[in-house]
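Reviewing the structure listed below.
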Amino acid sequence: MRSNDLDPSSSSAPSEQGDGPAQRSRLLDRRTFLRSTGVLGLTIAGGSFLAACEAAEDPEPEVDDDAAADDDGPEAPTDTLSIRVVQDMSNVDPAFMASTVDATVGLCVFEKLVTFEPETGEIVNELAEELEVADDGLSVEFKLKEGIQFHGGYGEVTAEDVKFSFERIAGLTDPDIEATYSDDWAALEEVEVIDDYRGVIRLSEPFPPLMTTTLPAHAGTVMSKAAIEELGEDIATTPIGTGPYQFESWDRGERVRLTRFEDWGGAGLEYADEPEWSEIVLLPIEDDSAAEIAVATGDAQFGLVPHDSVQRFIDDEDFEVVSQATQDYGWIGFNVTDDVLGDIEVRRAIRQALDVDSMLEAAFDGQTTRAHALISPETPIGVWEDAPRYEPDPDAARAILDDAGYDDLQLEMSIVDEPGARTIAEITQANLAEIGIDVEIVERERDEMRGEDMRQLQLFYYSFSNQADPSWATVWFTSDQIDEWNTMSWSNEEYDELHQQALVEVDEAERDQMYVRMQEIMDEDVVAVWVKYRTRNYAYQVGLEPSLVTEHFGKYRPWAIRSA
Amino acid sequence: MGRYLLRRLWMTVATVVAVLLFLSALVHIIPGDPVQQVMGPRASPDFAEQVRDEMGLDDPAPVQVADFLSGAARGDLGRDFISGEPVTAIVAANLPHTLALALSALGIAAVLGIPLGVLAATRPDSLADKVLGLLSVAFVTMPSYVSGLLLLLVFPLTLGVLPATGAGDLGDPLDYARHLLLPASALAITWVGYLARVVRSSMLEVLGENYVRAARALGLRERMIAYRYALKNAIIPTVALLGVSLGDLLGGTVFVEMIFSRPGLGSLVVGAIEERNFPIVRGAVLVIVLMFVAANLLADLTYRYLDPRVRVDKEAAR
């Protein structure tokens, strides 16, 4: 959400001229010194100008195929895996993890009772030897694998650690830490310890997201009680877990170093092989162009790359690209309390006029997935298979407006600073001009898109991140969220009720139908034009084998990446 | 000199206090609720209140300013409210990288810009002068984020030399220097052009002076005249400029640190702004401002030291 899209035409222009400036002038006499500095200046200038000229002439420059082969510079040693991440680590306490990067560190350092299997996204045991959810959905019995050690000599994992970890996030420990993810344990009554390895998680009511966004997610992380009691708040930057890699160091803004944990208990062997890297280094590179160069030069062997660089990496025989659809969604929304957009016919006309495929092609180089409803097909439950596919039909759209008696409408379209937003708004502007609606594009701060400020919105493009349970997406559009996150200011009683019912429905088929119905209601009320599910594209050096986790927040497991 | 220094220091202190006041007010000026930003949509009202309390956001504005001022005076810039680490330590860890970058850029700018200016001035209207003139203007107008990307494309990507990202290992000076060369060059390019123009014009002025003609009449070699006699006088305006440039370079590190993914105060501030992490923004900007003010003060004093006329004029006028 925070990556930049720099102009691709400014990148990757090869130059035949110029050598690296060398620092040899110190020992020379003044004459030679002057001459050499002059030459040096000209060399840099020559290189820059040639590059600039070629970049200007070549709108689609290619990455030099020989760059990696010729590279005698920054090739990382093979037993270190370096990965580009989109921002710096901030807080790796699972109770407060703030970003995908924190989650990526967490996937190496921490383990959970159960987790998502790579590729398939099925739930598999991790720290749990056995795990059984009761039929009434009110209790979960677990038995831990024996002999699993925490990092830093904090001893073996016991049911007491599980109890402490879950109850700490739920807010049942003293003092209540007010964890960001406490809602994921909203139904937790207690974790009862039976013996060292066995325990029962007791819930006050059935909680269907338990096995999708609680136990396998942040809230399900098993931490060391002794470590937290000893380290206190420092646990935020000194994570102690049981994972295959232990936290070594964090050089703010520069790198996070993880080293292989030699006493690893092997909980993850259920779904992956032994880790092979002695060290994993995460390099925070926020700028997309810089990230592209870092991967192309081998500074990072694996990393998320911008949409507009994907084709270049695919064309380069030294690299491969793997794409991963996510459940994060972007949409063009209507403030249904607005004077103009309050009329469903206007909304219907706009939906009929918009050319979403062209938006995706222009904004994301076609490297992302079109959305037809709120819940992505990647989600295990609540997917609306028959969601209508709207195609642009300006004549029909104009007819709707004519019938409703509208002529020459003017609307404001709000966007925030995020990749592709402006392009999407510009295409919307062009599409709607065709049916006689004049659109003005306004860029806003994110904070202006929520709270009471949302009342001033008309048309807007926005996107939300999401997790593997549909309730994570439907919650934002309930009436309670008006003036919070329900940017459409939309209220529908049936939708609200279904959201509440689905939260406690244990019958999967019933629950699935509830979420489908909620999406139908959104479609009937024409509250949004669904645009995309975000696709992440990772480029990596040939010879690596990535390990993606389709349905997990962290999106990939660094430690399970292998060299072929 | 003593009174001047005292007056100058007073102004410096006043500037710093003004900046501190502005930084304290920053939280209120910038739109958006930092608490919401940090906690996300799932923040409970209770917790938001607790964070607000910890950050002192509920105190009256003058109290917040006083707290920040007294803290800063004691070297306590508050705590990063995401990781909980002390801001002073975070800033201290990033400062060396930014200083190294800005000072090496200044070095590159001086080492390239001054001789190029002399070269152009000693051969006015020659081909070399014209080419250098064109290049200087191009350099001056080239922002560091453009030159940075171009350097990245040429050296690491195409030629496969020099690293593209990171700052290297501080414990290994050679490695650190390798990582520093491209970012420092990107940052320096504008000032190479600028210095070359300034040195050229002040050299041209000086080369027309009587004492230079006298030196010529004595049959001294041109090179000796240029460097031993003319440059000594012509360099004085450049010194003042170097002071200003150091401040500018410190500010310019933001782009370069982002493009080369280097740690430093610039990238620290950008990251912190995105997270609305005000304690870090405040602390880091304060340090940047202090360095800016110090660089200007130093330049001013050096200027007066190098050119006795400035002292004499001012003191005579009093």
Side-chain angles (χ1 to χ4, degrees), chain A residues 2 10-15 18 20-21 23 25 30 34 37-38 40-41 44-45 47-49 51-52 63-64 67 70-74 87-88 90-91 98 178 180-183 233 236-237 251-255 283-287 289-290 293-294 296-297 299-300 445-448 484-485, chain B residues 31-33 36-44 46-47 50 82-85 90 93-94 111-112 115-116 119 135 138-139 146-147 149-167 177 181 185 189 192 227 258-264 267-268 270-271 274-275:
Chain A
R2 53 158 65 201
S10 68
S11 56
S12 314
S15 160
Q23 293 178 321
S25 47
R30 196 156 60 188
L34 262 184
T37 47
L40 175 58
I44 295 176
S48 308
F49 276 97
V63 173
D64 183 356
D70 291 347
D71 196 352
D72 54 356
Q87 67 193 82
D88 204 0
S90 51
N91 183 331
E178 295 276 6
T180 312
Y181 301 98
S182 60
D183 281 0
E233 284 190 6
T237 49
D251 297 323
R252 192 178 272 263
E254 195 176 2
R255 68 175 80 89
L283 304 167
I285 303 178
E286 296 200 14
D287 184 87
S289 301
I293 290 171
T297 54
D299 277 15
E445 289 291 319
R446 275 170 196 283
D447 303 291
E448 292 180 89
E484 297 283 344
W485 293 90
Chain B
D33 178 358
Q36 278 294 334
Q37 188 73 25
V38 175
M39 299 301 128
R42 292 158 73 87
S44 68
D46 281 356
F47 189 41
Q50 185 189 329
I82 296 184
S83 73
E85 293 191 335
I90 295 170
N94 280 274
V111 162
L112 291 183
L116 286 177
L119 193 73
L135 280 183
F139 282 4
V146 175
S147 47
L149 280 177
L150 290 175
L151 288 174
L152 275 176
L153 293 170
V154 174
F155 293 100
L157 198 64
T158 309
L159 302 176
V161 293
L162 297 173
T165 56
L181 194 51
S185 304
I189 279 182
V192 170
Y227 285 98
M258 293 297 287
I259 288 170
F260 290 89
S261 310
R262 283 176 63 86
S267 49
L268 181 70
V270 172
E274 284 182 4
E275 297 170 344

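Sequence lines set the chain letters: A, B, ... in the order given, protein chains first and strands last, and positions in each chain run from 1.
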*Checking side chain to side chain contact (heavy atoms under 4.5 Å, CB included) for the pair B:M258/A:E286: CA distance, chi angles, key distance, verdict?*
CA-CA 7 Å; B:M258 293 297 287; A:E286 296 200 14; 3.9 Å; yes
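Contacts between A:T237 and chain B at a heavy-atom distance below 4.5 Å involve the side chain alone, from C-beta outward. Using a 4.5 Å cut-off between heavy atoms, B:A93 does not touch chain A at all. With a threshold of 4.5 angstrom between heavy atoms, B:T165 approaches chain A through its backbone and through its side chain.
No side-chain donor-acceptor contact under 3.5 Å links A:D287 to the backbone of B:I259.
A pairwise comparison of heavy atoms in A:E254 and B:P263 identifies OE1-CG, 3.5 Å as the closest pair. Between A:P284 and B:S261 the shortest heavy-atom distance is O-CB, 4.1 Å. When all heavy atoms of B:A164 and A:D299 are compared, the closest pair comes out as N-OD2, 3.1 Å.
Note that OG1 of A:T297 is 12.5 Å distant from CG of B:L159, once rounded to the nearest 0.5 Å. Rounded to the nearest 0.5 angstrom, B:E85 CD and A:N91 CG are separated by 10.0 Å. From A:R252, atom CZ reaches atom CG of B:N94 across 7.5 Å, with rounding to the nearest 0.5 Å.
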